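All chains are named by letter (A, B, ...) in the order of the sequence lines, taking the proteins before the strands, and each is independently numbered beginning at 1. Predicted model only: the values in this text are computed from it and were never measured.
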2 protein chains.
Amino acid sequence: MKALSQVGKYGLRAILYLVAYPSENSYMSIRQISDELNLSFHFVTKIFRELTAKGILISYRGPSGGVALARPADQIMLIDVVKALEGEDYFDKCLIGLPHCGTAKPCPVHEFWKETKVKIQQNFTETSLASLSEKIRSQEFRLDE
Amino acid sequence: MKALSQVGKYGLRAILYLVAYPSENSYMSIRQISDELNLSFHFVTKIFRELTAKGILISYRGPSGGVALARPADQIMLIDVVKALEGEDYFDKCLIGLPHCGTAKPCPVHEFWKETKVKIQQNFTETSLASLSEKIRSQEFRLDE
DNA sequence: TTTATTTCGGACTAATTACTCTGAAATTTA
DNA sequence: TAAATTTCAGAGTAATTAGTCCGAAATAAA
């Protein structure tokens, strides 16, 4: 089940690295992140520009510049990043692609799919980048290879 | 959340139409299905060829030919159609795209995502085309517009 | 002030997915 | 047998997504 585009996947991995291995109250360069995760530097740059435009990251140019979280990691939820990269309507899609699928005129799998989306959305809304970064730092969870 | 490709979406809608409005123990033409659902005839034809090759449909050429289910509708599960059109590995994908994400080396969202996939897979495994076709015939659920 | 470093902006190319089209093969009907 | 109807096969085209690249702008350090 391909739930995220490449932009979403790379974006999540990259921002999680940024959160999990923060430079002491300063910016981290995109180059470092893309090198560590073996992702295309240019592609990550493009994705991060989007996250900066959406107010999730802040950036600074020049030597010792880079990117940083715009808010503390416990105040940025998974859902914020996903919606920023995949679109605000991410959880509003009908499984079989009907335009105005809803309670009034549902498709045959509407009810089940709606419940599924609600559960995922709840989890993403409750999960902060901070909680995920702890897992990564604990070495039990990984972001690449 | 775009869980299915266009092939998957159109394929499901088309086969559900076939099941919901069966011609009396005979074949239904792809033209009728694509016309009713306002889908591209050629595209549906291509998708149905795949379902025929996978043993989900049978087909017959010539006048009064068309397609039909290879088995009774209560013996074809949603998961059969989805896997035929989206790939057998449909439920084996890591959310953030890590190659060998599993219990041994999980990504930070592995556990939650695994549970989510299991629930969807269970539902798809339990849901037959027959049960969905009843819903459609009841007029409370739709396949187009 | 010059040079190096970094993000920004956007044009460009490559790959994949989505869809179209044409003709062949099978089959029925006239 | 001839004509009409239908799927089969696969090449071709269009649109979208993925990824690359280059130069400009900002900033820091030499």
Side-chain angles (χ1 to χ4, degrees), chain A residues 1-15 18 23 26-70 85-87 89-90 93 96-97, chain B residues 1-15 18 23 26-70 85-87 89-90 93 96-97:
Chain A
M1 196 169 64
K2 187 194 164 191
L4 295 176
S5 68
Q6 293 292 85
V7 168
K9 291 176 189 169
Y10 290 176
L12 270 179
R13 289 171 61 189
I15 200 171
L18 172 66
S23 326
S26 71
Y27 295 93
M28 179 183 285
S29 78
I30 299 174
R31 177 68 70 179
Q32 178 185 343
I33 298 169
S34 62
D35 279 358
E36 287 295 333
L37 296 180
N38 280 295
L39 301 177
S40 153
F41 163 70
H42 289 293
F43 200 26
V44 175
T45 298
K46 200 176 201 175
I47 296 168
F48 271 12
R49 286 208 307 263
E50 189 64 26
L51 290 176
T52 301
K54 292 266 168 66
I56 290 174
L57 298 179
I58 50 176
S59 64
Y60 205 79
R61 290 195 251 195
S64 79
V67 293
L69 296 187
L85 295 177
E86 301 285 339
D89 61 347
Y90 184 69
K93 306 267 181 67
I96 60 174
Chain B
M1 196 168 62
K2 187 194 163 191
L4 295 176
S5 67
Q6 293 293 82
V7 168
K9 291 176 189 169
Y10 290 177
L12 270 179
R13 288 170 62 188
I15 201 173
L18 171 66
S23 325
S26 70
Y27 295 92
M28 180 183 286
S29 79
I30 299 175
R31 177 68 70 180
Q32 177 185 344
I33 298 169
S34 62
D35 279 357
E36 287 295 332
L37 297 180
N38 280 295
L39 300 178
S40 153
F41 163 71
H42 289 294
F43 200 25
V44 174
T45 298
K46 199 175 203 176
I47 296 168
F48 272 11
R49 284 206 309 262
E50 189 64 27
L51 290 176
T52 302
K54 293 267 168 67
I56 291 174
L57 298 179
I58 51 176
S59 63
Y60 206 77
R61 291 195 252 196
S64 79
V67 292
L69 296 187
L85 296 177
E86 301 286 338
D89 62 346
Y90 184 69
K93 307 268 180 66
I96 61 175

Scan nucleotides 13-17 of chain C against the protein and return all N/O pairs shorter than 3.5 Å with their distances rounded to 0.1 Å.
none

Axis-to-axis angle for the helix from dT1(C)-dA30(D) to dA30(C)-dT1(D), ends of five pairs each, to 10°, equals 10°
For Ser59(A) and dC8(C), is the shortest distance between a side-chain N/O and OP1 or OP2 below 4.0 Å? yes
Contacts satisfying salt bridge (charged side-chain N to carboxylate O under 4.0 Å, His left out) that involve residues 58-70 of chain A (not counting sequence neighbours) are none
Across all chains, not counting sequence neighbours, the side chain to side chain contact (heavy atoms under 4.5 Å, CB included) partners of Ala68(B) are Tyr27(B), Ile58(B)
Between NZ of Lys46(B) and P of dT20(C) the distance, given in whole Å, is 10 Å
Nt span of DNA chain D in reach of chain B heavy atoms at under 4.0 Å, 5' end first, is dA4(D) to dA11(D)
side-chain hydrogen bond (donor to acceptor under 3.5 Å, both in side chains) pairs touching residues 37-60 of chain A, sequence neighbours excluded, are Glu50(A)-Lys54(A)
In short, side-chain hydrogen bond (donor to acceptor under 3.5 Å, both in side chains) pairs touching residues 5-14 of chain B with sequence neighbours left out are Ser5(B)-Glu86(B), Gln6(B)-Tyr10(B)
Comparing nearest nucleotides in DNA chain D, the 5'-proximal residue of the pair Phe48(B), Val7(A) is Phe48(B)
Each nucleotide of nucleotides 23-30 of chain C classed B (base within 4.0 Å of a protein heavy atom), S (only sugar-phosphate) or -, in 5' to 3' order, makes --BBBB--
Residues passing the side chain to side chain contact (heavy atoms under 4.5 Å, CB included) test with Ser23(B), sequence neighbours excluded, are Ser26(B), Met28(B)
Sorted by number, residues from residues 35-44 of chain A placing a heavy atom under 4.0 Å from DNA chain D are Ser40(A), His42(A), Phe43(A)
Closest non-hydrogen contact found for Phe48(B) with Ile30(B) is CD2-CG1, 3.9 Å
